[in-house]
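Since the model is a prediction, treat every value here as computed from it, not as a measurement. All chains are named by letter (A, B, ...) in the order of the sequence lines, taking the proteins before the strands, and each is independently numbered beginning at 1. Only this structure's heavy atoms are used, side chains among them; waters, hydrogens and symmetry mates stay out.
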Amino acid sequence: MIGGTMLYEHKKIEPKWQKKWRESGIFEYKGSSDPRPKYYMLEMFPYPSGRLHMGHVRNYSIGDVVARYYFRKGFNVLHPIGWDSFGLPAENAAIENKIPPAKWTYANIDNMRERFHQLGFSYDWSRETATCRPEYYRWEQKFFIEMFNRGLVYKKNSEVNWCPKCNTVLANEQVENGICWRHGCQVEKRKIEQWYFKITDYAQELLDCLDELKGWPDNVKEMQRNWIGRSEGTYIDFKFADSDETATVFTTRPDTLMGVTFVSMAVEHEFTAKFLEDAPNRAEMQAFIDEVKRLHLETRDENYEKKGFFTGKYLIHPLTGEKVPLYFANFVLAGYGTGIVMAVPAHDQRDFDFAQKYGLPVKVVIKPKDRDLELPLTEAYTEPGVLVNSGMFDGTGSIEAKKVISDHVIKEGKGRIGINYRLRDWGISRQRYWGTPIPMINCPKCGTVPEKIENLPVRLPENVEFTGVTSPLKDMPEFYETTCPCCGGKATRETDTMDTFVESSWYHMRYCDPKSSDVPFSRKEVDHAMPVDQYIGGVEHAVMHLLYTRFFTKILADLGYVGFREPVRNLLTQGMVCMESYSNDSGYLYPDEVYKKDGKYYTISDDSPVNVGRVEKMSKSKKNVVDPLVLIDKYGADTARLFVLFAAPPEKDLEWSEEGVEGCSRFLSRIWNIVTANEEIIRNFADPENVEGSGKELWAKTHETIKKVGEEIERFHFNTAISAVMELVNAAYKLKPETDTEKAVLAQALRSIILLLNPFAPHITEELAEICGMKAITETPFPTVDEKALVKDEILVVVQVNGKLRDKMNFPANVTAAEVEAAVRAKDYSKFLKSGEIKKVVYIPGKLVNVVG
RNA sequence: GCCGGAGUGGCGGAAUUGGUAGACGCAAGGGACUUAAAAUCCCUCGGGAUAACCUCCUGUACCGGUUCGAGCCCGGUCUCCGGCACCA
């Protein structure tokens with residue numbers, strides 16, 4: 001007690017309820033035999049770093065509100081949690097601290113689990129899953145082998161992105177502008193043999209199904225569309241002038257075919273070897289090729305100068321029969337299309353630049369509809385127009401000409417329709433230790449063969465010592481020495497492990513039947529619980545994780561494991577938690593090292609001024625972080641949850657504010673105080689049947705709030721749901737009850753506040769319910785609206801004159817349009833009327849009337 | 001450059017389908033309680049005009065349009081954020 005006001009004791013209350021929830025198993029999902037409709041609420045599972053950050057608090061608090069809401073709406077809710085527990089940090093920690101990655105990981109999981117309990121999340125802990133357990137990854141190995149048997153996995157020696165810090169290969173998606181997504185270090189290219197998943201086989205389906213994902217944000221779908229990068233065009237054959245061989249190009253602009261003045265190709269193309277042989281200036285050509293290759297390996301900046309080298313070969317234009325030169329060009333991508341492109345300098349800026357540099361002809365074949373192009377061109381004309389200098393195609397619109405010329409080429413047998421995707425196959429080999437072993441065996445006689453299914457899992461040895469940066473598996477004969485499953489002879493295991501994105505591609509299915517030991521999961525259970533009804537996670541996974549898991553779902557459907565092809569029905573991508581950073585000459589400072597005075601910041605240690613940086617994502621390196629543990633200790637989990645939900649809508653970035661946290665804490669205290677002060681009333685007065693006169697206002701407000709909170713939770717507007725409860729609390733403070741009716745109204749209002757706020761602040765509300773003799777909220781349905789309370793006797797009609805607010809009037813609820821119009825005409829609004837008289841009256845029933853004149 | 005998204009008080013943000021702009025919270029100011037402070041409770045709070053209430057003008061990045069009525073729809077401009085970027 002301070003000054004007569006009770007501060008509620010979160011440190012006593014919160015652990016009490018957490019223990020109850022944990023022991024009662026109240027949040028356990030009942031499986032497919034339960035008659036209630038299912039609701040699968042899933043948040044992206046965390047990497048168990050051992051450090052809880054605000055992003056976690058936000059992500060999982062959002063999910064918890066939704067889960068608790070649907071529990072109480074009578075759904076059979078599946079709300080599981082687990083650990084994405086393979087991955088690099090465990091290895092780095094192992095090197096630093098000389099602990100085996102397994103030990104470090106399991107300790108972190110224990111720690112994170114405690115943190116999650118401390119936040120009061122409603123998980124079904126009986127389904128907890130860690131991907132680094134053999135009971136989990138054995139199934140992934142099985143999937144791998146089945147995919148291999150179906151030709152969906154293959155091994156290829158290819159140039160890959162290599163992160164020198166991770167000491168491993170990265171998938172295309174993990175490289176951002178030539179920089180490792182995790183470390184920000186520069187990625188190198190290396191040639192290495194590795195395993196690929198044939199995601200390109202599913203490119204079209206992955207693209208098409210996006211249209212059906214109505215519950216996904218548009219930006220995520222658009223990012224996936226861009227990433228898949230489908231383009232329709234035409235393959236066109238150019239014969240070599242000096243041989244029967246053909247160089248095929250891919251183009252999306254067949255309308256410009258008549259403007260081709262040369263052809264360019266990537267130096268990595270297979271033709272290159274032969275050209276070198278034939279070249280009289282072989283040394284020079286080799287030097288050019290080497291330079292370009294070096295450029296491709298080393299450069300990060302994509303805007304390098306365009307360079308080329310004549311291959312010494314000419315091609316025959318398929319329509320005109322003209323000889324056009326074939327050049328090596330450093331900007332042609334080897335891995336896209338055919339690695340050879342037709343060059344139309346008049347209508348492609350890259351080709352234009354190249355032609356200028358090497359003095360190649362520029363032939364205009366498209367001109368704007370309404371004017372001529374000024375010659376010589378100073379840049380490529382890339383807009384649509386009308387064909388010129390194109391023989392039989394002259395006068396055709398360029399858009400139409402795409403089809404006309406393409407069809408013509410195809411009819412002549414010199415081309416075919418082609419569809420290309422930007423998407424590449426998913427390279428999943430990692431030269432790491434702490435990951436799922438790839439279940440393949442190299443036999444000197446039989447080649448590369450899968451391990452026998454009955455020998456799975458291929459276990460990752462957990463008691464290892466880390467000496468250096470390379471995977472210890474490569475130095476463990478007891479791991480890699482084995483016998484060939486085909487011939488029984490001596491053979492060696494694959495020592496690479498899988499990309500951790502493989503584990504996260506199917507964990508949501510394992511949750512449906514996490515203890516299954518004879519199959520990965522029961523088909524019946526997974527088909528019942530899936531797809532995920534609501535998935536919540538960071539937008540940084542918009543392409544990688546969410547594309548991979550969609551792909552994997554389609555694979556599992558094709559392998560017969562599941563009966564659906566999309567894993568997630570509704571997706572919410574939550575924003576980042578941000579904060580301003582503080583720094584001085586000696587570097588960044590933690591928020592608790594500075595204080596604020598008159599809008600400026602100073603260090604606590606010596607009162608020197610502090611620079612305030614812009615608001616950006618909380619990160620350890622900038623020290624602009626707030627430790628959730630400190631927050632929970634000071635204010636409690638309920639306040640922490642309430643703040644992250646109240647301060648911003650979930651999809652937006654959230655700016656941290658200590659004052660905002662205090663506001664939320666104050667709000668919970670207000671509830672605590674008004675409820676405990678009215679405990680007797682709450683105990684003794686049942687919900688009112690009907691209310692007239694005094695008390696009616698609060699009664700109506702109560703039911704309006706019940707309606708609003710439900711609606712707002714369902715559309716993820718938690719901030720407005722909370723503000724609705726705040727309004728009800730403010731209204732309840734205003735009623736000083738005297739009559740029994742008023743007391744009943746107040747009792748219901750306060751009970752509603754407790755019940756409505758429960759998904760956001762579960763501990764304090766359970767405690768208050770108990771104090772007031774109410775049933776446990778976990779067993780109480782979400783409140784329902786009494787429509788009677790929403791019926792109004794009187795309605796307020798706003799009066800506009802020429803669209804501007806001028807007046808307000810009250811009418812009986814059943815007022816007719818004619819009566820409203822008559823009332824309006826009876827008043828004198830002439831000073832607002834332009835013409836002095838009323839021309840028209842527009843009445844929007846129950847809301848507004850606009851007088852026009 | 002291309003593709004998305006967003007611009008609303010001192011601040012975070014409301015306004016669900018075109019219908020009272022600024023809910024709720026923070027900050028600020030005032031009052032009550034107190035010996036005092038803290039805490040708590042109550043009130044005020046976009047800008048401007050007016051002595052003042054009422055009232056009037058103005059206001060959702062900017063310019064224009066549609067409409068009885070626009071923060072919301074349409075066209076154009078600017079800025080910011082995110083994604084992609086030599087993909088032929």
Mind checking whether A:F250 and A:Y235 have parallel, tilted or perpendicular rings, split at 30° and 60°? tilted

Side-chain N or O of A:Y336 less than 4.0 angstrom from OP1 or OP2 on B:A88? yes

Test salt bridge (Lys or Arg N to Asp or Glu O under 4.0 Å) on A:E697 and A:K734 and set out the steps. CA-CA 11 Å; A:E697 220 175 301; A:K734 292 212 170 77; over 6 Å; no

Please determine if a side-chain N or O atom of A:N673 lies less than 4.0 Å away from the OP1 or OP2 oxygen of B:A39. no

Short heteroatom pairs, N/O only, protein and nucleotides 6-12 of chain B, under 3.5 Å:
unit_1 : atom_1 : unit_2 : atom_2 : d
B:G12  : O2'    : A:A647 : O      : 2.6

May I ask you to say what A:V344 touches in the nucleic acid, namely base, sugar-phosphate or nothing, with a heavy-atom cut-off under 4.0 Å? nothing

Does any donor atom in the side chain of A:S231 or A:N420 lie under 3.5 Å from an acceptor atom in the other side chain? no

Could I get the full list of salt bridge (Lys or Arg N to Asp or Glu O under 4.0 Å) partners for A:E704, not counting sequence neighbours? A:K792

Below 30° counts as parallel, above 60° as perpendicular, anything between as tilted: where do the rings of A:Y358 and A:F354 land? tilted

Under 4.0 Å between a side-chain N/O of A:S231 and OP1 or OP2 of B:A88, yes or no? yes

Any A:R666 side-chain nitrogen or oxygen under 4.0 Å from OP1 or OP2 of B:C26: yes

Work out how far the C1' atom of B:C3 is from that of B:A85, and round it to whole angstrom. 11 Å

Mind listing the side-chain donor-acceptor pairs of residues 838-853 of chain A below 3.5 Å, one per line with the distance, residues two or more places apart or on another chain?
unit_1 : atom_1 : unit_2 : atom_2 : d
A:Y843 : OH     : A:G846 : N      : 3.1
A:N850 : OD1    : A:N802 : N      : 3.4
A:N850 : OD1    : A:G803 : N      : 3.0

Please give, in whole Å, the distance from B:A85 P to A:D348 CG? 18 Å

Reckon A:H717 has a side-chain N or O less than 4.0 Å from the OP1 or OP2 of B:A15? yes

Separation of A:L642 atom CG from B:C24 atom P, in whole Å? 16 Å

All stems with RNA chain B, defined as three or more consecutive Watson-Crick or G-U pairs under 3.5 Å: B:1-7 with B:78-84, B:10-12 with B:24-26, B:28-32 with B:40-44, B:46-49 with B:55-58, B:61-65 with B:73-77

Taking the P atom in each of B:U60 and B:G9, what is the distance between them to the nearest angstrom? 9 Å

Distance between C1' atoms of B:U67 and B:C74 (Å, rounded): 12 Å

Taking any heavy-atom pair under 4.0 Å as a contact, classify A:R225: base, sugar-phosphate, or nothing. nothing

Which pairs, protein N/O on one side and nucleotides 55-58 of chain B N/O on the other, fall under 3.5 Å?
unit_1 : atom_1 : unit_2 : atom_2 : d
B:C57  : OP1    : A:R806 : NH2    : 3.3
B:C57  : OP2    : A:R806 : NH1    : 3.0
B:U58  : OP2    : A:K804 : NZ     : 3.0

Whole angstrom is fine here: how far is it from NZ in A:K847 over to P in B:U17? 11 Å

Could you check whether A:G337 gets within reach of a base, just the sugar-phosphate, or nothing at all, counting any heavy atom under 4.0 Å? nothing

Could you tell me whether the side chain of A:N850 has a donor or acceptor atom within less than 3.5 Å of a complementary atom in the base of B:C68? yes

C1'-based separation of B:G22 from B:A14 [nearest Å]: 7 Å

Which label fits B:G9, syn or anti, where anti is any glycosidic angle not within 90° of 0? syn

For A:M576 and B:G82, what is the distance between atoms CE and P respectively, to the nearest whole Å? 7 Å

Would you kindly compare A:A724 and A:L654 by the position of their nearest RNA chain B nucleotide and give the one closer to the 5′ end? A:L654

Nearest whole angstrom, please: distance from the C1' of B:G13 to the CD of A:E727. 14 Å

Base B:U20 to side chain A:K808, donor-acceptor N/O within 3.5 Å cut-off: yes

Determine the contact category for A:Q800: base if any of its heavy atoms lies under 4.0 Å from a base atom, sugar-phosphate if only primed atoms, P, OP1 or OP2 are that close, otherwise nothing. base

What is the separation between atom CD on A:E711 and atom P on B:A15, rounded to the nearest whole Å? 12 Å

Distance check: side-chain N/O of A:R422 vs OP1/OP2 of B:A85, anything under 4.0 Å? yes

Can A:R670 be said to sit on top of A:Y733's aromatic six-ring, NZ or CZ under 6.0 Å from centre and within 45° of the ring axis? yes

B:C84 P sits how many Å from A:Q224 CD, rounded? 12 Å

Would you say A:K363 has more than 12 foreign heavy atoms packed within less than 6.0 Å of its NZ? yes

With heavy atoms under 4.0 Å as the rule, sort A:N730 into base, sugar-phosphate or nothing. sugar-phosphate

With heavy atoms under 4.0 Å as the rule, sort A:K734 into base, sugar-phosphate or nothing. sugar-phosphate

Less than 3.5 Å apart, which donor and acceptor atoms pair up between the side chains of residues 713-722 of chain A and the rest of the protein, not counting sequence neighbours?
unit_1 : atom_1 : unit_2 : atom_2 : d
A:E714 : OE2    : A:Y69  : OH     : 2.6
A:R715 : NE     : A:E712 : OE1    : 2.7
A:R715 : NH2    : A:E712 : OE1    : 3.0
A:R715 : NH2    : A:H717 : ND1    : 3.4
A:T720 : OG1    : A:E712 : OE2    : 2.6
A:T720 : OG1    : A:H717 : O      : 2.9

Choosing from B:G19, B:C24, B:G4, which nucleotide comes nearest the side chain of A:N219? B:G4

For atom P, what is the distance between B:G65 and B:G69, given to the nearest Å? 12 Å

Does A:R350 make a side-chain donor-acceptor contact with the base of B:A88, cut-off 3.5 Å? yes

In this structure, how many angstroms lie between the P atom of B:A88 and the CG atom of A:D351, rounded? 12 Å

Pick the closest RNA chain B nucleotide for A:L796 and for A:N719 by heavy atoms, then say which residue is nearer the 5' end. A:N719

Is there a side-chain contact between A:K840 and the phosphate of B:C68, meaning an N or O under 4.0 Å from OP1 or OP2? yes

Mind checking A:V852 for me? I need base, sugar-phosphate or nothing, with any heavy atom below 4.0 Å counting as a touch. sugar-phosphate

Touch class at under 4.0 angstrom, heavy-atom based, for A:Y733 against every strand present: sugar-phosphate

